[in-house]
Amino acid sequence: MKKSTNTRATILQQAFELIYKKGYQSTSIDEIIATTKVTKGAFYYHFKNKKQMGIAVIKEVIQPKTIDFSVSFLSSSKSLHNSLYTMIEELLLHNSFLTIEYGCPLANLIQEMSPLDNDFKEALDETKSLWTNAIATSITKEQQNNTINTNSNAKEVANFIIASYWGARTLGKLSNKTNTYTHHLKQLKLYLTTLK
């Protein structure tokens, strides 16, 4: 059982790395099999097709490493302003799972696959919604404590923060310079003060 679990995890990790670098459509099952050194039979034992594997990459690799990290980060913080800033700072500058040249894996897949496949679109939306809801819930809680402006719509603010993060990641791919991120963080800090 452990060997089977490890094989599945290896396939998903290698598939993630290839998809992150090349995109989902440019990554083939044969390429994943070659780089993981598993048999074709082992691949199809775990995944009936490439699409099922791709959706598993979203839910089992991308979500835990980015969204679940952010959700736990928000729930353990005492100051929401600081935690929102630090959450984005961690994702941009300190998360070894992500690289500047390849951007945000979730945003990449949203751009590539959501117009083409409804199952992908649903899985991507579900993952993104977890993040939106976690941020919005934290904002609403602070509004109830009168530490954040109650005129702000929590969900709209959450979506804005996520969209601006994705934008910074995309611009980082283009420039390949971390100052893109530091400039973004400077503006994010200013924006967050408007919520007080």
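Computed from a prediction, not measured in an experiment: that's the story for all the values here.
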Lys173 and Asn108: CA distance, side-chain angles, deciding distance, side-chain contact (heavy atoms from CB on, under 4.5 Å) verdict: CA-CA 11 Å; Lys173 283 168 70 171; Asn108 294 348; 3.3 Å; yes
Give a yes or no on whether the backbone of [Y] and the side-chain of [X] come within a donor-acceptor separation of less than 3.5 Å.
X      : Y      : value
Tyr20  : Thr99  : yes
Thr194 : Tyr191 : yes
Ser152 : Ala154 : no
His183 : Asn179 : yes
Ser26  : Gly23  : no

Verdict with supporting geometry, Leu84 and Leu74, side-chain contact (heavy atoms from CB on, under 4.5 Å): CA-CA 7 Å; Leu84 287 171; Leu74 288 171; 3.8 Å; yes
Cluster link Leu171 to Ile88, ILVMFWY, side chain under 4.5 Å: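 Result: no, two separate clusters.
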hydrophobic_cluster_shared for Leu98 and Leu185, side chain cutoff 4.5 Å: yes
Find the distance between [atom1] ([X]) and [atom2] ([Y]) and round it off to the nearest 0.5 Å.
X      : Y      : atom1 : atom2 : result
Asn6   : Gln13  : CG    : CD    : 12.5 Å
Met113 : Leu116 : CE    : CG    : 5.5 Å
Ile148 : His81  : CD1   : NE2   : 4.5 Å
Leu91  : Ser70  : CG    : OG    : 4.5 Å
Thr132 : Glu156 : OG1   : CD    : 12.0 Å
Leu130 : Ile135 : CG    : CD1   : 11.0 Å

Flag side-chain contact, heavy atom, 4.5 Å: [X] against [Y]:
X      : Y      : answer
Glu112 : Phe120 : no
Tyr45  : Arg8   : no
Thr147 : Leu80  : no
Phe47  : Ile29  : no
Val157 : Phe160 : no

Does a side chain donor of either [X] or [Y] reach within less than 3.5 Å of an acceptor in the other side chain?
X      : Y      : result
Arg169 : Tyr181 : yes
Lys128 : Asn133 : no
Thr36  : Gln14  : no
Asn95  : Lys65  : no

Which residues pass the salt bridge (Lys or Arg N to Asp or Glu O under 4.0 Å) test with [X], not counting sequence neighbours?
X     : answer
Glu31 : Lys22
Lys51 : Asp117, Asp119
Lys40 : Asp30

So does [X] have more than 12 non-hydrogen atoms from other groups sitting under 6.0 Å from [atom1]?
X      : atom1 : answer
Lys50  : NZ    : yes
Lys121 : NZ    : no
Asn118 : CG    : no
Phe97  : CZ    : yes

Shortest non-hydrogen contact from [X] toward [Y]:
X      : Y      : answer
Leu106 : Leu124 : CD1-CD2, 3.5 Å
Trp166 : Cys104 : NE1-SG, 3.3 Å
Ala158 : Ala136 : CB-N, 3.9 Å
Pro64  : Val61  : CD-O, 3.4 Å
Gly172 : Thr180 : N-CG2, 3.8 Å
Leu92  : Ala168 : CD2-CB, 4.4 Å

From CA spacing to verdict: side-chain contact (heavy atoms from CB on, under 4.5 Å), Leu109, Ile58: CA-CA 9 Å; Leu109 281 169; Ile58 295 165; 3.9 Å; yes
Thr150/Gln143 under side chain to side chain donor-acceptor pair (under 3.5 Å): CA gap, chis, key distance, verdict: CA-CA 5 Å; Thr150 55; Gln143 286 175 325; over 6 Å; no
Within the 6.0 Å centroid threshold, strictly below: Trp131 and Tyr165: yes
Given Glu60, Lys59, His46, the one that forms side chain to side chain contact (heavy atoms under 4.5 Å, CB included) with Leu12: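 Passing option: Glu60.
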side-chain contact (heavy atoms from CB on, under 4.5 Å) evaluation trace for Ile62 with Ile67: CA-CA 8 Å; Ile62 296 172; Ile67 310 306; 5.7 Å; no
